[in-house]
Amino acid sequence: MKTSSLEQVFERLLDHFGPLHWWPADTPFEVVIGAILTQNTAWTNVEKAIVNLRLHDGLTPDALRAAPRKRLEDWIRPAGFFRQKAERLQLFTEHLFARHGGDLRRMLAGPLAEVREELLALKGIGPETADSILLYAGGRPSFVVDAYTRRLFGRLQLLDADAPYEHIRAFFMDRLPADSDLFNEYHALIVEHCKRLCRKQRPLCPECCLLDLCPFAKG
DNA sequence: TTCCTGGCGC
DNA sequence: GCGCCTGGAA
């Protein structure tokens, strides 16, 4: 029985890094906050903002709804884009109360495609953020595509790195079982591998566990 | 395409 | 100093 390329890459990364058990958050709502704050932002800066929010008990839907906009901006400033992100956090929270009584689990419990469309309709929630929320806050099997995914699988020549988001997401979801634990671990491993080894500049190909599978490393 | 933003590594 | 960071909107 021949293992598919995607499963082979997953097994190699899992063997190398071990299970990573994302997302680093205490509650599903905190995942939503992190997913918005990390847009085009290094996670180290997001952590500073989360610490500020925790310091002010600002990690719940009730707290975000009640917080004055300016105060919220101050708390999340270290994450950058603080005006946009403060608006996005509060728009999400307002929607949560308006449509789901402030209950995130309820919001994320419906049919996957419908919940995804609902998320995408919100200002500031694009496909990557929507899939991150579905997967890591909702435990739903929606594969997350990010810049790292494009870079790694583009270099492996398993897909076109410039293809549209939905195309790449479908590539993975058509070839893997709809298993949220698998998607969770796979995306985490991709991020870890790309941060440490498959970097944009000066990738560490000699140390890579995918070396023999990678045209980029050879060429 | 450009704008939005701060922190960090090099 | 410059480029990058788990993007998205206009």
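Computation of the quantities below employed the complete heavy-atom set of this structure, encompassing side-chain atoms and omitting hydrogens, waters and symmetry-equivalent molecules. Every chain is numbered from 1 and lettered A, B, ... according to where its sequence line falls, protein lines coming before strand lines.
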Does [X] put a side-chain nitrogen or oxygen below 4.0 Å from OP1 or OP2 of [N]?
{"X": "Thr38(A)", "N": "dC5(C)", "result": "no"}
{"X": "Gln201(A)", "N": "dC4(C)", "result": "yes"}
{"X": "Arg83(A)", "N": "dT5(B)", "result": "yes"}

Rounding to an integer number of Å, can you tell me how far [X] [atom1] sits from [N] [atom2]?
{"X": "Lys85(A)", "N": "dG7(B)", "atom1": "NZ", "atom2": "P", "result": "12 Å"}
{"X": "Gln84(A)", "N": "dG8(C)", "atom1": "CD", "atom2": "P", "result": "11 Å"}
{"X": "Arg150(A)", "N": "dG7(C)", "atom1": "CZ", "atom2": "C1'", "result": "11 Å"}

> Which sits closer to the 5' end of DNA chain C, Gly126(A) or Lys200(A), going by the nucleotide each is nearest to?
Replying inline: Lys200(A)

> On DNA chain C, nearest-nucleotide positions of Arg151(A) versus Gly124(A): which is more 5'?
Replying inline: Arg151(A)

> Can you name the side-chain hydrogen bond (donor to acceptor under 3.5 Å, both in side chains) partners of Glu114(A), sequence neighbours left out?
Replying inline: none

>> Suppose we screen for salt bridge (Lys or Arg N to Asp or Glu O under 4.0 Å). Which residues come up paired with Arg151(A), at least two apart in sequence or across chains?
In response: none

List, one per line, each side-chain donor-acceptor pair under 3.5 Å for residues 102-113 of chain A, sequence neighbours excluded.
| unit_1 | atom_1 | unit_2 | atom_2 | d |
| --- | --- | --- | --- | --- |
| Asp103(A) | OD1 | Arg105(A) | N | 3.1 |
| Asp103(A) | OD1 | Arg106(A) | N | 3.2 |

>> Heavy atoms only, 4.0 Å cut-off, all strands: where does Leu37(A) land among base, sugar-phosphate and nothing?
In response: nothing

Compile the donor-acceptor pairs under 3.5 Å between side chains in residues 56-66 of chain A and protein atoms, sequence neighbours left out, one pair per line.
| unit_1 | atom_1 | unit_2 | atom_2 | d |
| --- | --- | --- | --- | --- |
| His56(A) | NE2 | Trp75(A) | NE1 | 3.4 |
| Thr60(A) | OG1 | Ala63(A) | N | 3.1 |

> Among pairs that include at least one residue of residues 178-193 of chain A, which meet side chain to side chain donor-acceptor pair (under 3.5 Å), considering only residues two or more places apart or in two chains?
Replying inline: Glu192(A)-Arg196(A)

> Considering only the P atoms, how many Å lie between dT5(B) and dG1(C), rounded to the nearest integer?
Replying inline: 23 Å

Between the protein and nucleotides 8-10 of chain B, which nitrogen or oxygen pairs are less than 3.5 angstrom apart?
| unit_1 | atom_1 | unit_2 | atom_2 | d |
| --- | --- | --- | --- | --- |
| dC8(B) | OP1 | Lys48(A) | NZ | 3.2 |

> So, are Asp131(A) and Arg140(A) salt-bridged, with charged N and O less than 4.0 Å apart?
Replying inline: no

